[in-house]
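Nothing here was measured: the structure is a model prediction, and the numbers come from that model. A note on names: the letters A, B, ... follow the listed sequences, proteins ahead of strands, and every chain is numbered from 1. These values consider heavy atoms only, across backbone and side chains, with no hydrogens, waters or symmetry-generated copies.
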Protein chains: 2
Amino acid sequence: MSKIERKEREKQLRRESILDAAESVFFEKGLIASTMDEIAEKAELSKGTLYLYYRSKDDLYLGVICRGFDILIGKLSEAASPDVSTIQKLLNIGSAYYNFSQKHTHYFRMFSFLESPQFHTMASEELLNESHNQSKRAWDVIIDVISNGIKDGTFRENIDPVQMAIILWSNATAIMKLKDRKDQFWIENLNVDIDTVLQKSNAMLVSTMLTENAKRYYQPKL
Amino acid sequence: MSKIERKEREKQLRRESILDAAESVFFEKGLIASTMDEIAEKAELSKGTLYLYYRSKDDLYLGVICRGFDILIGKLSEAASPDVSTIQKLLNIGSAYYNFSQKHTHYFRMFSFLESPQFHTMASEELLNESHNQSKRAWDVIIDVISNGIKDGTFRENIDPVQMAIILWSNATAIMKLKDRKDQFWIENLNVDIDTVLQKSNAMLVSTMLTENAKRYYQPKL
DNA sequence: CAATTAAATGACTGTTAGTCATTTAATTAT
DNA sequence: ATAATTAAATGACTAACAGTCATTTAATTG
């Protein structure tokens with residue numbers, strides 16, 4: 001009896017097509033200015049139907065965020081997988097994240113949504129968990145690379161991989177966000193190149209992680 | 001004729017008392033869940049009157065944010081003023097910011113509001129400018145300390161004070177935010193002490209800024 | 001104390017997230 | 001094939017809320 005399976009498949013397809021509509025509206029107008037009616041129209045469905053597939057506007061937003069995570073996790077895993085040195089992997093991950101923030105700016109911006117619980121009071125546990133899980137998967141990629149880097153002698157033994165992952169990731173995120181909204185800020189008047197800042201800060205952090213031996217092969221430019 | 005002056009003073013007092021009401025409501029419920037009616041009631045005024053003093057809910061929120069900035073700027077200036085070594089000043093500034101985030105969590109959280117233009121579409125130019133100016137004043141304190149640190153031989157000559165300020169400030173902000181919402185995140189399961197992470201990341205960044213000479217007097221713990 | 005100006009009010013409007021009784025379509029049983 | 005049953009879709013409706021504005025109330029001036 002594959003009737004039920006087909007039903008399930010169709011339901012999933014509909015969920016995706018609703019998400020397509022939501023994504024295009026959210027990308028264009030942002031969370032606040034987007035309306036459920038507009039999303040419904042784009043999805044060629046009535047508003048009521050949206051609520052049969054997603055519990056709230058916040059859930060739709062989270063659904064789109066999860067798509068972003070899928071892409072990001074793909075890029076990160078890709079960057080961490082080739083058979084190159086630990087340093088190179090870390091550099092690749094950095095580039096992958098940076099490129100993601102540039103090519104998928106909308107997703108990148110949306111990620112901040114997760115940081116303000118007050119903005120997603122209507123979000124369901126399920127979708128919040130899903131996004132948290134994905135976020136965790138992204139972190140794991142980096143933690144893994146750092147852990148292996150300690151084993152292979154690239155990084156000092158007395159650093160904690162989780163701590164370092166937090167530091168590197170937080171730093172990159174913060175500075176990439178700054179770049180994203182640069183024009184709205186006073187920074188525009190101080191002719192600072194944010195790309196340089198990102199490079200430098202990464203170099204500074206990584207340099208203090210390296211073993212004396214690793215420093216012989218790679219000298220970050222401070 | 002001080003009639004006009006008195007009027008002006010009274011108007012300012014009213015603005016402040018409205019802000020008192022707004023602050024207590026915003027602190028309790030956050031931006032979204034707070035309503036203008038509730039703020040009006042707390043201020044013992046009608047909703048219409050609020051709009052004679054503030055253009056929008058977003059403006060009220062920005063007004064409260066500016067109060068937060070006042071406090072923060074005070075603490076930062078205080079930390080940067082005593083006649084101690086550059087290193088000590090920088091450490092004091094770090095502590096001041098950290099203490100602010102802990103004691104004035106509400107203000108600290110509200111600052112994120114400035115980062116998402118989509119959430120303050122109704123904000124007036126005036127108040128946005130005011131908050132940006134204040135933000136700039138906070139940055140200037142740090143930039144100043146770093147600039148002087150280069151002059152007095154604490155920091156390397158080839159670092160850029162603005163770049164370094166951005167790096168240090170962004171890093172601290174990002175990690176303090178993480179601490180603030182720690183419980184909502186996967187991190188809770190990984191028993192990482194965020195305070196340690198903050199200490200470490202600061203030490204790492206500062207250590208790469210120091211001149212060889214300065215390193216003799218101060219060794220950050222990595 | 002009348003006339004004028006300024007401040008305050010709250011009923012009203014427009015917008016929108018979310019609901020639910022009703023309709024329409026699909027599936028199953030006869 | 002067709003009736004009965006179940007599932008999917010609809011859109012009119014509600015409640016909540018930001019912001020407005022004609023009207024009222026208070027203060028100031030002549």
Side-chain angles (χ1 to χ4, degrees), chain A residues 1-19 21-22 25-26 28-64 113 118-124 126-127, chain B residues 1-19 21-22 25-26 28-64 113 118-124 126-127:
Chain A
M1 177 59 85
S2 79
K3 279 276 172 61
I4 297 161
E5 283 173 33
R6 184 178 55 84
K7 267 286 171 69
E8 203 45 54
R9 225 168 40 238
E10 273 173 5
K11 206 163 180 177
Q12 200 47 46
L13 280 174
R14 178 131 288 185
R15 272 179 75 89
E16 284 305 313
S17 97
I18 288 173
L19 222 47
V25 177
F26 284 141
E28 196 193 337
K29 310 208 168 176
L31 174 62
I32 306 283
S34 300
T35 71
M36 291 301 274
D37 283 302
E38 201 177 351
I39 294 168
E41 194 183 2
K42 196 127 204 164
E44 291 172 301
L45 289 168
S46 73
K47 180 157 66 159
T49 307
L50 297 190
Y51 284 92
L52 295 176
Y53 291 87
Y54 289 90
R55 285 233 234 295
S56 65
K57 190 183 176 186
D58 287 350
D59 265 18
L60 273 175
Y61 204 73
L62 279 176
V64 177
F113 181 70
Q118 77 149 137
F119 290 123
H120 47 71
T121 47
M122 290 298 142
S124 67
E126 293 116 285
L127 271 160
Chain B
M1 175 59 86
S2 78
K3 281 277 173 62
I4 296 161
E5 282 174 31
R6 185 176 56 84
K7 268 289 173 67
E8 201 46 53
R9 225 167 41 236
E10 274 174 5
K11 204 163 179 175
Q12 200 48 43
L13 281 174
R14 179 129 288 185
R15 272 180 76 91
E16 283 306 313
S17 97
I18 288 173
L19 221 48
V25 178
F26 284 142
E28 196 194 336
K29 311 205 168 181
L31 173 63
I32 305 284
S34 300
T35 71
M36 290 303 273
D37 283 301
E38 202 176 351
I39 294 169
E41 195 183 3
K42 196 127 205 164
E44 291 171 302
L45 289 168
S46 71
K47 180 158 66 162
T49 307
L50 296 191
Y51 284 93
L52 296 177
Y53 292 87
Y54 290 90
R55 286 234 237 291
S56 66
K57 190 184 177 185
D58 287 348
D59 265 17
L60 272 174
Y61 204 74
L62 279 177
V64 178
F113 181 69
Q118 77 150 134
F119 289 123
H120 47 71
T121 46
M122 290 298 142
S124 67
E126 293 115 286
L127 271 161

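Pairs of residues two or more places apart, or lying in two chains, that qualify as side-chain hydrogen bond (donor to acceptor under 3.5 Å, both in side chains) and include a residue from residues 32-42 of chain B are B/Lys29-B/Glu38. Counting only residues at least two apart or in different chains, ring-ring contact (aromatic ring centres under 6.0 Å, His included) contacts with residues 38-64 of chain B comprise B/Phe26-B/Tyr61, B/Tyr61-B/Phe113.
When the nearest nucleotides of DNA chain D are assigned to B/Glu10 and B/Leu31 by heavy-atom distance, the more 5′-ward of the two goes with B/Leu31.
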Give every pair of a protein N or O atom and an N or O atom of nucleotides 23-25 of chain C that lie under 3.5 Å apart, one pair per line with the distance.
none

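Nucleic acid contact class of A/Thr121 (heavy atoms, under 4.0 Å, all strands): none.
The side chain to side chain donor-acceptor pair (under 3.5 Å) check on B/Gln118 picks up nothing, with sequence neighbours excluded. With sequence neighbours excluded, the residues that form a side chain to side chain contact (heavy atoms under 4.5 Å, CB included) with A/Glu126 are A/Arg55, A/Ser124. Taking the side chain to side chain contact (heavy atoms under 4.5 Å, CB included) definition, one finds that B/Glu28 meets it with nothing, sequence neighbours left out. Checked against side chain to side chain donor-acceptor pair (under 3.5 Å), B/Glu10 has the following partners two or more places apart in sequence or in another chain: B/Arg6. Scanning for side chain to side chain donor-acceptor pair (under 3.5 Å) contacts around A/Thr49 gives A/Ser46, with sequence neighbours left out.
B/Asp58 CG to B/Leu31 CG: the interatomic distance, rounded to the nearest 0.5 Å, is 6.5 Å. The CE atom of B/Met36 sits 8.0 Å away from the NZ atom of B/Lys57 when rounded to the nearest 0.5 Å.
Remark: P of C/dA17 and NE2 of A/His120 are 18 Å apart, rounded to the nearest angstrom. Rounded to an integer number of Å, the gap from B/Lys29 NZ to D/dA16 P is 13 Å. The distance from atom CZ of A/Phe119 to atom P of C/dA17 is 16 Å, rounded to the nearest whole Å. In this structure, the CE atom of A/Met122 is 9 Å from the P atom of C/dT19, given to the nearest Å. When the P atom of D/dT10 is taken as reference, atom CD of A/Glu41 falls 13 Å away, rounded to whole Å. If you measure from atom NZ of A/Lys11 to atom C1' of D/dT6, you get 13 Å, rounded to the nearest angstrom. In this entry the distance linking CG of B/Leu60 with P of D/dG19 reads 9 Å, nearest Å. Going from atom CE of B/Met36 over to atom C1' of C/dG10 covers 14 Å, rounded to whole Å.
For DNA chain D, the neighbouring residues in residues 45-56 of chain A, judged by any heavy atom under 4.0 Å, are A/Leu45, A/Ser46, A/Gly48, A/Thr49, A/Leu52, A/Tyr53.
Comparing C/dA17, D/dG19, D/dA8 by their closest approach to the side chain of A/Lys7 singles out D/dA8.
Distances shorter than 4.0 Å separate none of the side-chain N or O atoms of A/Arg14 from OP1 or OP2 on D/dA8.
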